[in-house]
Protein chains: 2
Amino acid sequence: MADSLNPEQMHTYFALIEAVSLLQYAVSQQLQAEGGLSYVQFEILATLATAEGRALTMTDLADGVVYSRSGLTHQAGLLERDGLITRRASPDDQRATVVDITAAGRERVAAVLPGHIAVVRELLFEPLSERDVRTLGTLMTRARDHMRSRPPRSAAPRRSRRAG
Amino acid sequence: MADSLNPEQMHTYFALIEAVSLLQYAVSQQLQAEGGLSYVQFEILATLATAEGRALTMTDLADGVVYSRSGLTHQAGLLERDGLITRRASPDDQRATVVDITAAGRERVAAVLPGHIAVVRELLFEPLSERDVRTLGTLMTRARDHMRSRPPRSAAPRRSRRAG
DNA sequence: TATTGTTATACTCTATAACTATA
DNA sequence: TATAGTTATAGAGTATAACAATA
């Protein structure tokens with residue numbers, strides 16, 4: 001009970017990982033084909049497009065989207081190069097960089113969103129009833145909140161003492 | 001109804017993607033720290049360790065694990081270099097390569113599995129009841145089978161006609 | 001002294017295309 | 001002619017560490 005997963009858990013774990021991997025792969029293909037965007041880039045643009053009102057900094061974006069600041073800087077550089085976002089110093093805190101989505105950025109999101117949604121609907125939602133969707137949402141929200149609430153500890157060093 | 005997801009679907013989609021991303025990230029960290037393995041490498045080893053009996057070829061592995069043959073060749077090269085697998089010509093079909101896991105490969109799997117399981121249990125299963133796990137397994141199995149059953153079409157070309 | 005963000009750099013993963021060999 | 005697998009190569013993503021600027 002302490003050291004293994006029961007068969008039900010194994011089965012659930014593998015199905016979950018496999019299904020989401022397939023979904024992510026299909027979605028990535030669609031975003032690349034129809035908008036030249038990686039999934040992370042799409043997430044950044046979609047976050048900005050949705051955050052209407054609030055001014056988001058690089059740190060805000062990194063928290064929700066990606067796992068290192070330098071990785072986000074790199075992606076933001078690509079998006080800025082393509083004219084999809086702009087960056088400017090924050091008026092409140094001179095250290096911070098506020099990221100804005102441009103009109104072209106919004107157009108790009110609008111261009112890929114229907115296809116994106118189509119893929120998700122066809123692959124994920126087609127075999128699920130309304131009730132299933134609600135149930136799945138409840139369970140995954142609970143799981144996500146649980147994961148977000150814990151300091152990323154179990155994932156951390158154990159063999160190498162250095163990484164800390 | 002045709003062109004968008006309802007709020008329940010959006011909510012479910014985002015929670016699912018986010019939860020699984022967090023889980024995958026944590027699991028990858030653990031596998032790397034405790035066994036020097038990427039997730040794909042772990043999947044390959046675990047598949048071989050589980051397939052006891054059946055002789056798996058590169059194509060068998062590629063189908064279940066990864067999305068291009070050359071990618072698998074690369075990963076198999078790394079695993080072979082580290083003495084975790086061996087490759088040999090198939091007796092049945094001289095074109096095929098049979099992949100075997102070595103004793104060291106099994107030991108490596110055994111070394112990382114407890115930590116892997118601990119991460120999954122702590123992050124994913126802790127907030128779920130037995131009934132929840134069963135439900136989630138049912139839904140994700142249905143989704144996965146649905147995705148596996150369709151030719152990867154919706155994900156495919158639409159802009160460029162070439163890729164076919 | 002801590003935080004925000006960038007830069008330089010290096011590494012890993014993945015895919016495409018060309019190729020060999022077997023069927 | 002089609003399939004199994006490898007090789008060469010190139011591109012994208014991500015992370016670490018060092019750094020500059022601001023709080």
Side-chain angles (χ1 to χ4, degrees), chain A residues 21 24-26 28-29 31-33 35-44 55-63 65-82 85-99 152 155-157 160 162-164, chain B residues 21 24-26 28-29 31-33 35-44 55-82 85-100 152 155-157 160 162-164:
Chain A
S21 296
Q24 289 257 37
Y25 183 75
S28 295
Q29 295 285 101
L31 290 172
Q32 195 61 56
L37 296 174
S38 69
Y39 190 79
V40 169
Q41 288 163 1
F42 172 74
E43 273 188 305
I44 294 171
L56 297 185
T57 66
M58 294 294 282
T59 296
D60 294 333
L61 285 172
D63 286 348
V65 150
V66 100
Y67 297 99
S68 80
R69 283 175 305 158
S70 69
L72 178 61
T73 295
H74 176 65
Q75 293 300 330
L78 297 177
L79 292 173
E80 191 172 46
R81 184 201 61 193
D82 292 348
I85 65 170
T86 59
R87 284 181 286 185
R88 59 188 166 86
S90 164
D92 304 334
D93 182 338
Q94 287 292 106
R95 293 171 305 179
T97 297
V98 172
V99 183
S160 117
R162 288 225 149 283
Chain B
S21 296
Q24 289 257 39
Y25 182 76
S28 295
Q29 295 284 100
L31 291 173
Q32 194 62 56
L37 297 174
S38 70
Y39 191 78
V40 168
Q41 288 162 1
F42 172 73
E43 274 188 306
I44 294 171
L56 297 184
T57 66
M58 293 294 283
T59 296
D60 294 332
L61 285 172
D63 286 348
V65 150
V66 99
Y67 298 100
S68 80
R69 283 176 304 159
S70 69
L72 178 61
T73 295
H74 176 65
Q75 292 301 331
L78 297 178
L79 292 173
E80 192 171 47
R81 184 202 61 191
D82 292 349
I85 66 170
T86 58
R87 284 181 285 187
R88 58 187 166 87
S90 164
D92 304 335
D93 182 338
Q94 287 292 107
R95 293 172 304 178
T97 297
V98 172
V99 183
D100 295 303
S160 118
R162 286 225 149 282

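Residue numbers begin at 1 in each chain, while the letters A, B, ... track the order of the sequences. Computed from heavy atoms alone, side chains included, the values below leave out hydrogens, waters and symmetry copies. All of these numbers come straight from a predicted model, not from anything done at the bench.
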Euclidean distance, atom [atom1] of residue [X] to atom [atom2] of [N] [Å, nearest integer]:
X     : N      : atom1 : atom2 : result
B/R88 : D/dA4  : CZ    : P     : 18 Å
B/L56 : D/dA4  : CG    : P     : 15 Å
A/H74 : D/dT16 : NE2   : P     : 16 Å
A/M58 : C/dT6  : CE    : C1'   : 9 Å
B/D60 : D/dT3  : CG    : P     : 16 Å
B/L78 : C/dT12 : CG    : C1'   : 9 Å
B/L72 : D/dT6  : CG    : P     : 8 Å
A/Y25 : C/dT14 : OH    : P     : 11 Å

### Residue pair A/Q75, A/L78: steps toward the side chain to side chain contact (heavy atoms under 4.5 Å, CB included) verdict
CA-CA 5 Å; A/Q75 293 300 330; A/L78 297 177; 3.9 Å; yes

### Query
Touch check for A/S90, heavy atoms < 4.0 angstrom, all strands: base, sugar-phosphate only, or nothing?
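A/S90: no heavy atom of the nucleic acid under 4.0 Å.
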
### Sugar-phosphate, base or nothing in reach of B/T97, heavy atoms under 4.0 Å
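Sugar-phosphate contact only - B/T97 comes under 4.0 Å of backbone atoms but never of a base.
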
### Task
Report the nucleotide, chosen from D/dG13, D/dG5, C/dC13, that has the shortest atom-to-atom distance to any side-chain atom of B/S38.
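When the side chain of B/S38 is considered, C/dC13 is the closest of D/dG13, D/dG5, C/dC13.
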
#### Entry: Nucleotide nearest A/R87 when distance is taken to its side chain, options D/dG5, C/dT6, C/dT14
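Closest nucleotide to the A/R87 side chain: C/dT6.
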
### Message
Output one letter per nucleotide in nucleotides 16-23 of chain C: B when a protein non-hydrogen atom lies under 4.0 Å from the base, S when only the sugar-phosphate is that close, - when neither is.
### Response
B-----BS

For [X] and [Y], which heavy atoms make the closest approach, and how far apart are they?
X     : Y      : result
B/M58 : B/A76  : CE-CB, 3.8 Å
B/L31 : B/F42  : CD1-CB, 3.7 Å
A/T57 : A/A96  : CG2-CB, 4.1 Å
B/R88 : B/D100 : NE-OD2, 2.7 Å

### Task
Could you please spell out the steps behind the side chain to side chain contact (heavy atoms under 4.5 Å, CB included) verdict for B/T73 and B/R87?
CA-CA 11 Å; B/T73 295; B/R87 284 181 285 187; 4.3 Å; yes

### Query
Looking at five pairs on each end of the helix from C/dT1-D/dA23 to C/dA23-D/dT1, what is the angle between the two axes, given to 10 degrees?
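Axis-to-axis angle, ends of the helix: 0°.
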
#### Entry: Phosphate OP1/OP2 of C/dT12: any B/Y39 side-chain N/O under 4.0 Å
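For C/dT12, OP1/OP2 do not have a side-chain N/O of B/Y39 under 4.0 Å.
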
### Task
Under the salt bridge (charged side-chain N to carboxylate O under 4.0 Å, His left out) rule, collect the residues that match up with A/D82, sequence neighbours excluded.
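Scan of A/D82 (salt bridge (charged side-chain N to carboxylate O under 4.0 Å, His left out), adjacent residues dropped) gives none.
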
### Task
Give the intermediate values and the outcome of side chain to side chain contact (heavy atoms under 4.5 Å, CB included) for residues A/L56 and A/V99.
CA-CA 6 Å; A/L56 297 185; A/V99 183; 5.5 Å; no

### Message
Less than 4.5 Å apart, side chain to side chain, heavy atoms only: is that true for A/V98 and A/D92?
### Response
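No. Closest side-chain heavy atoms not under 4.5 Å.
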
